[in-house]
Structure formats: structure tokens, C-alpha cells
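Just the heavy atoms: all of them, side chains too, but no hydrogens, waters or symmetry mates, feed the values below. Numbering starts at 1 and runs along the sequence shown.
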Amino acid sequence: MKTVICNSLQSFWDMGDNDFLAGLDVHCVFPVSKQVKEFILESKERYKIKSLSFTSALF
């Protein structure tokens, strides 16, 4: 199992647009709002991502 770590929304978009996420597990470690998280989850099929996960941070 390979997991790609995305440190920012920009890195997620860049890797997705360049087909680096296809067939892989992706973990996002940057803070996201509910709307951004929904947008990223909707991108799963377009980028052919196997699974998506997010780090939860307590503030």
C-alpha cells in the first residue's frame, strides 16, 4: 500500500492534475473547512484516488 501525503491544497491539485494520485491512498495533513473537504472528496473519482483521509487537528 502506498500513501501520498498532501501538505497543502495546492499540492493536492498539482499531483491530481499530473496523475500522481491515481490508484493510491491519499492523506491530507492541511487544515480544511467542511466545504473544502467535500470538494476534495468529490475529486476522488476524477483523480482516480483509491482512498482519501484527513488529519484532524484540535485547536
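The SG atom of Cys6 sits 8.5 Å away from the CG atom of Leu52 when rounded to the nearest 0.5 Å. Atom CD of Gln10 sits about 10.5 Å away from atom CE of Met15, to the nearest 0.5 Å.
The cluster map of Ile, Leu, Val, Met, Phe, Trp and Tyr, joined by side-chain heavy atoms under 4.5 Å apart, puts Val36 and Trp13 in the same cluster. A continuous path of ILVMFWY side-chain contacts below 4.5 Å connects Leu9 to Leu41, so both sit in one hydrophobic cluster.
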Which atom pairs, donor and acceptor, lie under 3.5 Å between side-chain atoms of residues 19-30 and protein residues at least two apart or in another chain?
unit_1 : atom_1 : unit_2 : atom_2 : d
Asp25  : OD1    : Ser51  : OG     : 2.4
His27  : ND1    : Ser53  : OG     : 2.6
His27  : NE2    : Thr55  : OG1    : 2.6

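Shown here are the ring pair (Phe, Tyr, Trp, His ring centres under 6.0 Å) partners of Phe54, two or more places apart in sequence or in another chain: there are none. Under the rule for a side chain to side chain donor-acceptor pair (under 3.5 Å), Thr3 has no partner lying at least two apart in sequence or in another chain.
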